[in-house]
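Here is the structure we will look at, set down as structure tokens.
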Amino acid sequence: MRITVFGANGPTGRLLTGQALAAGHEVVAVTRQPDSFPLHHDRLEIVGADVLDPGAVDAVVAGRDAVLSTLGVPAGKEPISTYSRGVAHIVAAMERHRVRRLAVVSSSGVDPQPYSDGGFLFNRVLLPYVTRVVGKTLYDDMRRMESLIQATDLDWTIVRPSGLYHLPSVTDYTVVEGHADGRFTARADLAASMLALLDDDRYIRTTIGVITTADNPTLLEWIRGEALAKS
């Protein structure tokens, strides 16, 4: 397939691009920093473009079979609109060029629910603090993005991972419709789950949760390795 990946230079986007190339697809990797993109392949086109530029988005969507978005922005107190504005441009371009398949990374924080293995600290303290305080503007914009996608007639799938972390390879990850009862998702598994959607019609116009059940970090390890690293 001919695939466009937005957010291709992020940690998940790089993995997704590499996995797509390994699977034999042609990939357009869209990034604002093309010179720093680490992958090279004869089936890879690296395009410097901003998802907030509708003309640039239109150019990289035309002629594609599917669009995958791994857009990500850091949480902050200031209003965030990258997700909703960027996806609005993607959707408009897809409708204009009659591209049907869309898969977009969102987050389990959009609809926070307690986890059976979370315990009091995670479920009652950390989760509300992250989703209602630290990440409030980020999750608000993800909700706007999801609503925009759900209002289209595209063949869309919204993918909600839990807390992201690094593993060197893909595991036997779990995919469920709606809320997935697990606190962590390896980026390699998130990328693999998105790529698998291209050959699977079960989750069209559905929101799915993706979780990793093997080699999860402890909460302290995750905070040290991911949450603090981003600050």
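All residue numbers refer to positions in the sequence shown, counting from 1.
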Closest non-hydrogen atom pair, [X] against [Y]:
X      : Y      : result
Asp189 : Ser169 : OD1-O, 4.4 Å
Ser84  : Leu148 : O-CD1, 3.9 Å
Ile80  : Ala75  : CD1-CA, 4.4 Å
Ser36  : Gln33  : OG-O, 3.0 Å
Gly76  : Thr137 : O-OG1, 2.7 Å
Tyr165 : Thr212 : OH-CG2, 3.2 Å

Group every Ile, Leu, Val, Met, Phe, Trp and Tyr by side-chain heavy-atom contacts under 4.5 Å, then state whether [X] and [Y] land in the same group.
X      : Y      : answer
Leu68  : Tyr203 : yes
Leu102 : Met142 : yes
Ile158 : Val99  : yes
Met145 : Val61  : yes
Val60  : Leu52  : yes

In Å, rounded to the nearest 0.5 Å, how long is the span from [atom1] of [X] to [atom2] of [Y]?
X      : Y      : atom1 : atom2 : value
Ile3   : Leu21  : CD1   : CG    : 8.5 Å
Thr213 : Asp215 : OG1   : CG    : 9.0 Å
Leu195 : His25  : CG    : NE2   : 4.5 Å
Ile208 : Ser193 : CD1   : OG    : 5.5 Å
Thr17  : Leu39  : OG1   : CG    : 6.5 Å
Asn123 : Arg183 : CG    : CZ    : 8.0 Å

With a 4.5 Å limit on heavy-atom distance, are the side chains of [X] and [Y] in contact?
X      : Y      : answer
His41  : Val27  : no
Asp111 : Thr207 : no
Arg32  : Val51  : no
Leu154 : Ile149 : no
Asn9   : Pro34  : no

So, [X] side chain and [Y] main chain: donor-acceptor pair closer than 3.5 Å or not?
X      : Y      : answer
Glu45  : Glu26  : no
Arg64  : Arg2   : no
Arg143 : Val110 : yes
Ser108 : Pro161 : yes
Tyr83  : Tyr139 : no
Arg100 : Asp153 : yes
Thr185 : Ser162 : yes
Thr152 : Gln150 : no

Would Met94 and Ile90 count as a side-chain contact (heavy atoms from CB on, under 4.5 Å) here? Give the steps. CA-CA 6 Å; Met94 292 181 68; Ile90 292 171; 3.8 Å; yes

Can you confirm whether more than 12 heavy atoms, excluding those of Arg43, are under 6.0 Å from its CZ atom?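 For Arg43, atom CZ is crowded (more than 12 foreign heavy atoms under 6.0 Å).
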
Around atom CZ of Arg132, are there more than 12 heavy atoms of other residues, nucleotides or ligands at under 6.0 Å?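 Counting neighbours around CZ of Arg132, 12 or fewer heavy atoms of other residues, nucleotides or ligands fall under 6.0 Å, so no.
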
Please work out whether the ring planes of Trp222 and Phe184 are parallel, tilted or perpendicular, with thresholds of 30° and 60°.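 Ring orientation of Trp222 relative to Phe184: tilted.
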
For the residue pair Phe122 and Tyr115, does the interplanar ring angle fall in the parallel (under 30°), tilted (30 to 60°) or perpendicular (over 60°) class?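 Perpendicular: the ring planes of Phe122 and Tyr115 meet at over 60°.
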
Is the closest side-chain donor-acceptor distance between Thr70 and Arg14 under 3.5 Å?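 Looking only at side-chain atoms, Arg14 and Thr70 do not form any donor-acceptor pair under 3.5 Å.
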
Under 3.5 Å, is there a donor on one side chain and an acceptor on the other for His97 and Asp58?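 The criterion, which ignores hydrogens and geometry beyond distance, is satisfied for Asp58 and His97.
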
Checking side-chain contact (heavy atoms from CB on, under 4.5 Å) for the pair Asn216/Glu221: CA distance, chi angles, key distance, verdict? CA-CA 9 Å; Asn216 284 173; Glu221 288 170 341; over 6 Å; no

May I have the step-by-step check of side-chain contact (heavy atoms from CB on, under 4.5 Å) for Met194 and Val210, ending in yes or no? CA-CA 10 Å; Met194 294 190 72; Val210 180; over 6 Å; no

Could you walk me through whether Arg101 and Ile204 pass the side-chain contact (heavy atoms from CB on, under 4.5 Å) check? CA-CA 9 Å; Arg101 194 67 175 103; Ile204 287 178; 4.0 Å; yes

So, are Arg144 and Asp140 salt-bridged, with charged N and O less than 4.0 Å apart?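 Salt bridge between Arg144 and Asp140, a charged N being under 4.0 Å from a carboxylate O: no.
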
